Amino acid sequence: MQDIHKVIDALKLEPHPEGGFYREVHRSETIVADSKGSGDKSAYTSIYYLLSGKDFSAWHRIKSDETWYFHLGCDALIYFFDENKLLQNVQIGIASMNLQATIPANTWFAAKPIHENDFCLVSCAVAPGFEFDDFEIGRREDLVAEFGISAKSIQIIEALTRV
C-alpha cells in the first residue's frame with residue numbers, strides 16, 4: 001500500500017465526499033446550455049480518481065453521463081441500477097481487458113476495487129461538466145426502498161452506502 005501514497009502525492013489528490021481521492025484536471029472553457037434546464041455548464045470536466053482496496057465510491061448519481069477510464073492498479077467493479085431497476089455491474093481494468101465504462105446520467109452507481117490489498121486509479125470524464133450541485137449521495141433507506149427487491153441488491157446497497 002506504500003505505492004498508493006506515492007500516487008496520491010504525485011497527482012496531488014484530495015479526499016472526495018463519496019470516498020477515495022480525486023483532483024480535477026480539466027474543466028472545459030467551452031460553455032454549453034444544459035438541455036435538462038440546469039443552466040449553462042462546461043462542455044465537460046475530467047478528474048483523476050483513486051480508490052484504495054479498503055475504500056469504495058458510495059452510491060451516488062449525477063445529472064450527466066460519466067465515463068471511467070482505467071489507468072493503474074487492480075480492476076474496479078462498478079455497480080449500477082439499469083433502466084429496469086435491476087442491479088448490474090461492469091468491471092474495468094487490465095484483468096477484464098475492459099478499459100472504460102460509461103454510466104448514463106441520473107443512474108445510481110457505486111464502485112470499489114476488486115482487491116482489498118490494492119488500489120485502482122481511473123479518470124472520470126463528465127459531459128456536460130460536473131458540478132457538485134448536480135451530485136447526490138444515496139441514502140441507505142431510500143435506495144433499499146427503491147431497489148431492494150433481492151437479497152443481493154440489499155447486500156450490495158448496504159456494503160457501498162455511507163449514510
Side-chain angles (χ1 to χ4, degrees), residues 1-28 41-42 44-82 87-144 147 152-163:
M1 282 301 240
Q2 187 173 0
D3 289 345
I4 190 174
H5 300 295
K6 289 180 183 177
V7 174
I8 290 169
D9 291 344
L11 296 177
K12 299 180 175 107
L13 304 180
E14 298 178 8
H16 194 289
E18 78 192 44
F21 297 86
Y22 82 109
R23 179 172 61 95
E24 184 173 276
V25 292
H26 184 77
R27 179 169 290 274
S28 176
K41 295 182 168 197
S42 294
Y44 79 97
T45 56
S46 180
I47 65 170
Y48 287 131
Y49 185 56
L50 182 142
L51 286 169
S52 77
K54 294 181 171 61
D55 203 3
F56 59 89
S57 166
W59 287 101
H60 65 288
R61 65 180 171 185
I62 61 175
K63 294 180 180 177
S64 299
D65 292 348
E66 181 172 342
T67 301
W68 287 44
Y69 301 94
F70 177 82
H71 293 301
L72 185 66
C74 70
D75 282 24
L77 193 56
I78 305 170
Y79 294 95
F80 62 96
F81 286 96
D82 68 15
L87 181 64
Q88 305 289 338
N89 68 67
V90 62
Q91 186 170 322
I92 63 169
I94 298 299
S96 63
M97 288 310 296
N98 181 25
L99 302 179
Q100 72 180 54
T102 299
I103 303 299
N106 299 306
T107 299
W108 285 107
F109 70 105
K112 67 177 188 169
I114 63 167
H115 298 299
E116 284 189 18
N117 295 323
D118 207 343
F119 68 91
C120 61
L121 174 67
V122 300
S123 286
C124 299
V126 175
F130 177 84
E131 299 292 339
F132 271 104
D133 288 346
D134 296 339
F135 174 76
E136 182 181 1
I137 294 266
R139 292 172 24 110
R140 182 177 288 115
E141 58 271 13
D142 296 338
L143 292 167
V144 169
F147 301 109
K152 179 181 179 187
S153 294
I154 291 172
Q155 181 182 21
I156 292 172
I157 287 171
E158 297 269 329
L160 300 174
T161 308
R162 296 193 191 285
V163 291

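Computation of the quantities below employed the complete heavy-atom set of this structure, encompassing side-chain atoms and omitting hydrogens, waters and symmetry-equivalent molecules. Here the structure is a predicted model, which means the values were calculated and not measured.
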List for me each residue that meets side-chain contact (heavy atoms from CB on, under 4.5 Å) alongside [X], sequence neighbours excluded, and say none if there are none.
X	answer
E136	R61, W108
I137	E18, F135, V163
P104	D65, T107

Intermediate values then yes/no, side chain to side chain contact (heavy atoms under 4.5 Å, CB included), K63 and N106: CA-CA 5 Å; K63 294 180 180 177; N106 299 306; 3.8 Å; yes
Residues in salt bridge (Lys or Arg N to Asp or Glu O under 4.0 Å) contact with R139, at least two apart in sequence or another chain: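 Applying salt bridge (Lys or Arg N to Asp or Glu O under 4.0 Å) to R139 gives E141, D142.
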Using 0.5 Å steps for rounding, measure from the [atom1] atom of [X] to the [atom2] atom of [Y].
X	Y	atom1	atom2	value
L13	I47	CG	CD1	9.5 Å
Y48	K12	OH	NZ	11.0 Å
I92	I114	CD1	CD1	11.0 Å
I4	L51	CD1	CG	8.5 Å
L160	Q155	CG	CD	10.0 Å
D118	K54	CG	NZ	10.5 Å

For the side chain of H60 and the backbone of F109, is there at least one donor-acceptor N/O pair under 3.5 Å apart?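 Such a contact is found between H60 side chain and F109 backbone.
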Whether S46 side chain and V25 backbone form a donor-acceptor pair below 3.5 Å: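 No, the answer is negative, given that no donor and acceptor are paired below the 3.5 Å cut-off.
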The criterion is side chain to side chain donor-acceptor pair (under 3.5 Å); which residues satisfy it with [X], sequence neighbours excluded?
X	result
D82	Q88
S28	none
W68	E66
R27	E24, E131

Taking distance alone, no hydrogens or angles, what donor-acceptor pairs closer than 3.5 Å link side-chain atoms of residues 69-80 to residues at least two apart or in another chain?
unit_1 : atom_1 : unit_2 : atom_2 : d
H71    : NE2    : S123   : OG     : 2.6
D75    : OD1    : I94    : N      : 2.9
D75    : OD1    : A95    : N      : 3.0
D75    : OD2    : Q91    : NE2    : 2.8
D75    : OD2    : S96    : N      : 2.9
D75    : OD2    : S96    : OG     : 3.1

Any residue meeting ring-ring contact (aromatic ring centres under 6.0 Å, His included) with [X], in chain and number order, not counting sequence neighbours:
X	value
H115	none
F81	W59, F147
Y22	H16

If you apply the rule side chain to side chain contact (heavy atoms under 4.5 Å, CB included), what do you find for L11 with L50, and how did you get there? CA-CA 10 Å; L11 296 177; L50 182 142; 6.0 Å; no
State, yes or no, whether a side-chain contact exists between I156 and N89 at a heavy-atom distance under 4.5 Å.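 Sidechains of N89 and I156: no contact.
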Whether R23 and E14 form a salt bridge (side-chain N of Lys/Arg under 4.0 Å from carboxylate O of Asp/Glu) is what I want to check.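 So E14 does not pair with R23 through a salt bridge.
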[X] versus [Y], closest heavy-atom pair with distance:
X	Y	result
Y49	C124	CB-SG, 4.2 Å
T161	G138	CG2-O, 3.6 Å
G53	P113	CA-CG, 3.8 Å

